[in-house]
There are 2 protein chains.
Amino acid sequence: MPTSTVENYLKQILIVSLETNCPEVPMGKVAQGLSVTSGTATTMFKNLAENGWLHYYPRRGVRLTRKGKALAMNMLRRHRLLETFLVETLGLDWSEIHQEAEELEHAISEKVLEKLDEFLGRPRQDPHGHPIPSRGGVIRRSSTQSLLSCKAGSKVTIESITDQESDFLKFARKKQLFPGQVVSVLSHEKLADAITLQVGGAAPFSLGSRSSEKILVQA
Amino acid sequence: MPTSTVENYLKQILIVSLETNCPEVPMGKVAQGLSVTSGTATTMFKNLAENGWLHYYPRRGVRLTRKGKALAMNMLRRHRLLETFLVETLGLDWSEIHQEAEELEHAISEKVLEKLDEFLGRPRQDPHGHPIPSRGGVIRRSSTQSLLSCKAGSKVTIESITDQESDFLKFARKKQLFPGQVVSVLSHEKLADAITLQVGGAAPFSLGSRSSEKILVQA
DNA sequence: CAATATACTTTGATTACTCAAAGTTCTCAT
DNA sequence: ATGAGAACTTTGAGTAATCAAAGTATATTG
């Protein structure tokens, strides 16, 4: 039985590999994502490799085994179903659910998870717009296009917000940036590192590249 | 911030002290309840005392401080609200919820707990018939009368089942022994250590003293 | 190609638990 | 009041996870 620390490492590795579209993940990204020192992550990687969760290529990175990926996918499923429950059923705010789910995902059993999935009506995506893996670990491929890659004059639909920071999410909601919303790109100044948007009839506003990268869209 | 181990020790101490109606709890009962060796519990007690959760009287036992009791009550509240949720909302079976709640109670935040309480309609008791402490840590006094103390010919109402063992709970349900049920005591043979009951129109059956002690009733 | 910077690994120590087994104190029945 | 047994404490050792700091390999850049 994996400890919750093991679960966290594997989930983080999966998240990075989904983000970068590359199955091999460097040590540093994982350590940073989990807020541990690089030495700690190295030690843990050797441990995880010994237990068959991943392959460890020193100074190069890690790659999840089938077993490791299955567990990581399951963690993502737990996390996203719990987030959905917290928003849909209990009425918590979009911006405060990440940390809550982060704790609960290690405590919920497979049986309860199944009942919860059923209770929620087997949702396909969480409140951030992220796809929820199926019980078998299959996940819908996310859009590769972010607001940053949109041309001036285009009109796109928000698919998801790939950031868990409460402050950013609060800001996004205030500006009506959430899954399903239609956004007009008024201008895109590559050199100024800024993109100007309009959502619905509200006043136009600008986002820098850091922020617009976090918003995935569909044409 | 207390670890979940600390939470478990304090909750166990509270449970024993409620059961025995005595605020001072001997080491052994706690160690046994938590399935740890007596040495482990002793070490932990010193630690808990140092951190102000309880008073430790060597070779005599422990007594929760105000702070310790507050946390323990809160754990009981979490546990019982979660059990209620698992049965009422998700439809899990009465007999399988204890272990599930045991894990979740350490992971749920105060905020989510509040929302859950509201969602459930602020229930006063859990599926086993145990009172749910209020947010302030107030708890309804449980009945001191068990089936064991009932005379032949009496007719009583079940208040609660004070056992978490899945097998016993399954048996109890099969025999229609659950909170709210009315039971007739047909005979009570002190020497034979047996009590014979009838619930509704079903066939009478007998319980030993171990079992009948676990069923609290109101006249 | 050497110097440096970056990314990673190793080492030694710490914290929060846990157990087994040896040692101590207390109680109570003779 | 004493000696046996129960209940408790102490001791020594182990596991899982962590960090800081020192060490090593690799890439980049002048």
Side-chain angles (χ1 to χ4, degrees), chain A residues 1-13 16-17 19-20 22-64 67-68 71-72 75 102-103 105-107, chain B residues 1-13 16-17 19-20 22-64 67-68 71-72 75 102-103 105-107:
Chain A
M1 193 99 307
T3 63
S4 63
T5 308
V6 168
E7 292 178 341
N8 278 335
Y9 275 83
L10 299 180
K11 189 182 67 165
Q12 186 59 33
I13 293 164
V16 173
S17 84
E19 263 172 27
T20 58
C22 170
E24 201 165 310
V25 170
M27 210 278 313
K29 295 256 184 216
V30 181
Q32 207 189 340
L34 295 171
S35 304
V36 296
T37 62
S38 46
T40 301
T42 298
T43 310
M44 199 63 195
F45 279 179
K46 285 196 262 184
N47 187 324
L48 293 171
E50 244 164 46
N51 288 283
W53 299 111
L54 46 74
H55 300 291
Y56 172 45
Y57 311 108
R59 286 180 196 276
R60 208 115 40 76
V62 290
R63 176 195 291 258
L64 295 174
K67 169 182 155 188
L71 179 52
M75 293 314 296
E102 202 70 11
E103 296 295 322
E105 68 191 15
H106 304 294
Chain B
M1 191 98 309
T3 63
S4 64
T5 307
V6 168
E7 293 178 340
N8 278 335
Y9 275 83
L10 299 181
K11 189 181 65 163
Q12 186 59 34
I13 293 164
V16 174
S17 83
E19 263 172 27
T20 57
C22 169
E24 200 166 311
V25 169
M27 211 277 315
K29 295 255 185 219
V30 180
Q32 207 188 340
L34 295 171
S35 303
V36 296
T37 61
S38 47
T40 301
T42 298
T43 310
M44 199 63 195
F45 280 179
K46 285 197 262 183
N47 187 320
L48 293 171
E50 244 164 47
N51 288 284
W53 299 110
L54 45 74
H55 300 291
Y56 173 46
Y57 310 109
R59 290 182 194 273
R60 209 119 37 78
V62 290
R63 176 195 290 258
L64 294 175
K67 168 182 156 188
L71 179 52
M75 293 315 295
E102 202 69 11
E103 296 294 322
E105 67 191 16
H106 304 294

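Throughout, a chain's letter reflects where its sequence line sits, starting with A, and its residues are numbered from 1. Values below: every heavy atom of this structure, side chains too, minus hydrogens, waters and symmetry copies.
Rounded to an integer number of Å, the gap from CG of B/N47 to C1' of C/dC17 is 9 Å. Following rounding to the nearest Å, B/N8 (CG) and C/dC17 (P) show an atom-to-atom distance of 10 Å. Between the C1' atom of D/dA17 and the CG atom of A/N51 lies a distance of 14 Å, rounded to the nearest Å. In this structure, the CD atom of B/Q32 is 17 Å from the C1' atom of C/dC19, given to the nearest Å. Between the CG atom of B/L34 and the C1' atom of C/dC17 there is a distance of 13 Å, given to the nearest Å. At whole-Å resolution of the value, CE in A/M44 and P in D/dC19 are 12 Å apart.
Side-chain nitrogen and oxygen atoms of B/Y9 include none within less than 4.0 Å of the OP1 or OP2 phosphate oxygen of C/dA16. OP1 or OP2 of D/dC19 sits under 4.0 Å from a side-chain N or O of A/T37.
When the options B/T5, B/T3, B/N8 are evaluated for a side-chain contact (heavy atoms from CB on, under 4.5 Å) with B/H106, the one that passes is B/N8.
A/W53 has its side chain out of reach of A/N47: every pair of non-hydrogen atoms, C-beta onward, lies at least 4.5 Å apart. Using a 4.5 Å cut-off on side-chain heavy atoms (C-beta onward), A/E7 and A/E105 make no contact.
In this structure, of D/dT18, C/dC17, C/dC19, it is C/dC17 that holds the atom nearest to the side chain of B/V6.
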Next item on the list: With side-chain contact (heavy atoms from CB on, under 4.5 Å) as the test, would you mind laying out the steps for B/I13 and B/R63 before giving the verdict?
Entry: CA-CA 8 Å; B/I13 293 164; B/R63 176 195 290 258; over 6 Å; no
Checklist line | Stepwise side-chain contact (heavy atoms from CB on, under 4.5 Å) test for A/V36 and A/Y9 | finding: CA-CA 11 Å; A/V36 296; A/Y9 275 83; 3.7 Å; yes
Protein-nucleotides 6-11 of chain D N/O pairs under 3.5 Å:
unit_1: D/dC8; atom_1: OP2; unit_2: B/G28; atom_2: N; d: 3.1
unit_1: D/dC8; atom_1: O3'; unit_2: B/R59; atom_2: N; d: 3.3
unit_1: D/dC8; atom_1: O2; unit_2: B/R59; atom_2: NH1; d: 3.3
unit_1: D/dT9; atom_1: OP1; unit_2: B/Y56; atom_2: OH; d: 2.1
unit_1: D/dT9; atom_1: OP1; unit_2: B/R59; atom_2: N; d: 3.0
unit_1: D/dT9; atom_1: OP2; unit_2: B/T42; atom_2: OG1; d: 2.6
unit_1: D/dT9; atom_1: OP2; unit_2: B/Y56; atom_2: OH; d: 3.3
unit_1: D/dT9; atom_1: O4'; unit_2: B/R59; atom_2: NH2; d: 3.4
unit_1: D/dT10; atom_1: OP2; unit_2: B/K46; atom_2: NZ; d: 2.4

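Contacts of B/S35 with the nucleic acid, taken as non-hydrogen atoms under 4.0 Å apart, involve only primed sugar atoms and P, OP1 or OP2.
The pair A/E19-A/K29 fails the salt-bridge criterion, with no side-chain N (NZ, NE, NH1 or NH2) lying under 4.0 Å from an Asp/Glu carboxylate O.
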